[in-house]
Amino acid sequence: MLKILYSFQMKKIRRFQNLINLSLFLPLFLNLSCNFADVRIQNPKDLTEAKNQTLVGFVIVDDLNDDAQDASAMILKVYPIYSKGMFLFDAQTNSPIESLSNEKKPIVTVEEEGEKVSYTNQFDSSTPTYLLDSRKEHYLGYLYWDRFCNYCSNPPRYKINFNPQKSISTLKIKGKPGEIVFLGFYKISVIRENFDIKDFISNKTKNLDYKFERISANSPFWEKDFKDYSIWSKFDRDHGFNERSAEIKFLKDIIANQKKGYWKEKAEQRLTELLAKK
């Protein structure tokens with residue numbers, strides 16, 4: 001009987017200690033949460049500036065088995081590539097856009113209506129979103145990503161220096177003055193890779209051959225089973241798995257992130273147009 005009472009008392013003490021620990025941790029958590037700022041795309045100052053800007057987005061997936069567009073392969077093994085490893089180049093000068101580099105990315109944090117807001121010119125996500133000069137053409141000049149691997153403690157990092165002409169012929173990164181443009185769905189397939197032991201240890205790939213393709217509207221890709229969250233989260237589930245659905249999700253994300261201002265209004269306008277089409 002004494003053992004039962006002792007055990008009961010110990011449980012009460014542990015429960016009380018857990019409550020104390022939670023009460024100590026909660027203010028710290030709330031304080032840290034309050035210090036985080038919403039990240040939003042910078043809105044133009046006026047209509048003149050707006051005409052010189054465009055907001056573009058697209059999705060690039062890593063096609064692990066190089067069979068995403070093969071009608072006979074129903075198991076889809078693709079994973080979105082995040083924008084942090086993407087480097088956009090100016091098509092006229094063939095040089096990287098410095099304002100989009102991680103080191104020079106402009107982030108201005110201000111306080112608006114009692115909350116902190118950071119303004120930038122891109123979203124670092126698996127749906128790359130960039131605020132660009134609408135008067136220029138751009139292309140993907142360099143790309144790196146860590147390939148998904150279930151059994152790797154240190155996944156291999158792949159790097160591609162794109163041929164400018166091949167890159168721009170596949171994905172010309174150009175929007176419309178003052179508008180939001182979704183540029184579509186694309187895939188990268190690694191078709192040959194040669195490692196030596198030094199490259200393997202240093203997590204590098206050399207002699208990388210690849211295919212870079214747009215996924216067309218009539219591709220068998222859209223008929224496959226989108227089970228993995230990382231890929232089906234790119235779509236608006238109410239509108240199925242297709243490029244239109246991906247654009248709807250892209251626009252809804254902008255509306256949710258922006259909260260207010262020019263780009264939120266443009267996203268709402270484009271979404272209304274898109275939903276009106278059947």
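Taking 4.5 Å as the limit, every side-chain heavy atom of Tyr158 sits out of range of all side-chain heavy atoms of Ile188. In this structure, the side chains of Phe212 and Ile60 come closer than 4.5 Å at one or more pairs of heavy atoms. No side-chain heavy atom of Ile160 sits less than 4.5 Å from a side-chain heavy atom of Val190. Contact check for Leu88 versus Ile173: side-chain heavy atoms found under the 4.5 Å cut-off. Using a 4.5 Å cut-off on side-chain heavy atoms (C-beta onward), Ile180 and Gln269 make no contact. Looking only at side-chain heavy atoms (C-beta outward), Tyr130 and Asn121 stay at 4.5 Å or farther from each other. You'll find the side chain of Tyr142 stays beyond 4.5 Å of the side chain of Pro96, heavy atoms only. Within the 4.5 Å cutoff, the side chain of Thr120 has heavy atoms near those of the Val39 side chain.
Ring centers of Phe241 and Trp222: at least 6.0 Å apart, outside the cut-off. A distance of 6.0 Å or more separates the ring centres of Phe162 and Phe87.
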Query raised in the report: Can you check side-chain contact (heavy atoms from CB on, under 4.5 Å) on Arg147 and Trp145, steps first, answer last?
Result: CA-CA 6 Å; Arg147 171 161 271 201; Trp145 76 101; 4.2 Å; yes
Requested in this report: Given salt bridge (Lys or Arg N to Asp or Glu O under 4.0 Å), test Asp66 with Lys187 step by step and report yes or no.
Outcome: CA-CA 9 Å; Asp66 189 24; Lys187 79 178 192 79; 3.4 Å; yes
**Report entry** Test log, rule side-chain contact (heavy atoms from CB on, under 4.5 Å), inputs Leu64 and Val78
**Finding:** CA-CA 6 Å; Leu64 268 65; Val78 299; over 6 Å; no
**Report entry** Derivation and outcome, side-chain contact (heavy atoms from CB on, under 4.5 Å), residues Asn52 and Arg135
**Finding:** CA-CA 6 Å; Asn52 293 331; Arg135 297 162 294 184; 3.7 Å; yes
Report task. Test salt bridge (Lys or Arg N to Asp or Glu O under 4.0 Å) on Glu115 and Arg40 and set out the steps. Result -> CA-CA 13 Å; Glu115 64 176 352; Arg40 303 175 192 171; 3.1 Å; yes
Report task. Please lay out, stage by stage, how Thr127 and Lys249 fare under the test side-chain contact (heavy atoms from CB on, under 4.5 Å). Result -> CA-CA 10 Å; Thr127 304; Lys249 181 66 165 59; over 6 Å; no
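Cation-pi check for Arg237 over Trp232 is met; the charged atom lies under 6.0 angstrom from the ring centroid and within 45 degrees of its normal.
Here CG of Leu55 is found 6.0 Å from CG of Leu131. Values are rounded to the nearest 0.5 Å. Atom NZ of Lys84 and atom CD of Gln122 lie 12.5 Å apart (nearest 0.5 Å). Of the inter-residue distances, the one linking Arg214 atom CZ with Tyr186 atom OH reads 4.0 Å to the nearest 0.5 angstrom. A distance of 15.5 Å separates CD1 of Ile41 from NZ of Lys264, quoted to the nearest 0.5 Å. To the nearest 0.5 Å, atoms CG (Asp236) and CG (Leu274) are separated by 10.0 Å. Annotation: the span from Asp46 atom CG to Lys51 atom NZ amounts to 10.5 Å, rounded to 0.5 Å.
Residue pairs meeting the salt bridge (Lys or Arg N to Asp or Glu O under 4.0 Å) criterion with at least one partner in residues 165-174, sequence neighbours excluded, are Glu137-Lys172.
Taking all atoms of both residues into account, the shortest heavy-atom contact from Ile168 to Ala91 is CD1-CB, 3.7 Å. Nearest approach of Leu132 to Val56, heavy atoms of both residues: CD1-CG2, 3.7 Å. A pairwise comparison of heavy atoms in Thr54 and Gly175 identifies OG1-CA, 3.3 Å as the closest pair. Nearest heavy-atom pair, Asn43 versus Glu49, reported as atom, atom and distance to 0.1 Å: O-OE1, 4.4 Å. The two residues Gln42 and Tyr119 make their nearest non-hydrogen contact at OE1-CB, 3.1 Å. Here the closest non-hydrogen pair linking Trp263 and Glu179 is CZ3-O, 3.8 Å.
Both Phe89 and Tyr144 are assigned to one and the same hydrophobic cluster, defined by single-linkage of ILVMFWY side chains at heavy-atom distances under 4.5 Å. Both Leu140 and Val181 are members of a single hydrophobic cluster when ILVMFWY side chains are connected at heavy-atom separations under 4.5 Å. Tyr229 and Val61 fall within a single hydrophobic cluster, where Ile, Leu, Val, Met, Phe, Trp and Tyr are joined by side-chain heavy atoms under 4.5 Å apart, directly or via other members. When the side chains of ILVMFWY residues are joined at heavy-atom separations under 4.5 Å, either directly or via intervening members, Val59 and Ile255 end up in a single hydrophobic cluster.
Counting non-hydrogen atoms of other residues, nucleotides and ligands closer than 6.0 Å to NZ of Lys77 gives a total of 12 or fewer. Within a 6.0 Å sphere centred on CD of Glu273, heavy atoms belonging to other residues, nucleotides or ligands number more than 12.
The closest side-chain donor-acceptor pair between Ser134 and Gln53, if any, does not fall under 3.5 angstrom.
Looking only at distances, a side-chain donor or acceptor of Ser245 sits under 3.5 Å from a matching main-chain atom of Gly240. Checked by atom type and distance alone, the side chain of Ser189 never pairs as donor or acceptor with a backbone atom of Ile191 at under 3.5 Å. Asp63 places a side-chain N or O within 3.5 Å of a backbone atom of Asp67 that can act as its donor or acceptor partner.
Ion pair Asp38/Lys116 not flagged as a salt bridge, since none of the NZ, NE, NH1 or NH2 atoms sits closer than 4.0 Å to an Asp/Glu carboxylate oxygen. Using a cut-off of 4.0 Å between Lys/Arg side-chain N and Asp/Glu carboxylate O, Glu247 and Arg270 are scored as salt-bridged.
Tyr82 belongs to no multi-residue hydrophobic cluster, having no ILVMFWY side-chain contact under 4.5 Å with any other such residue.
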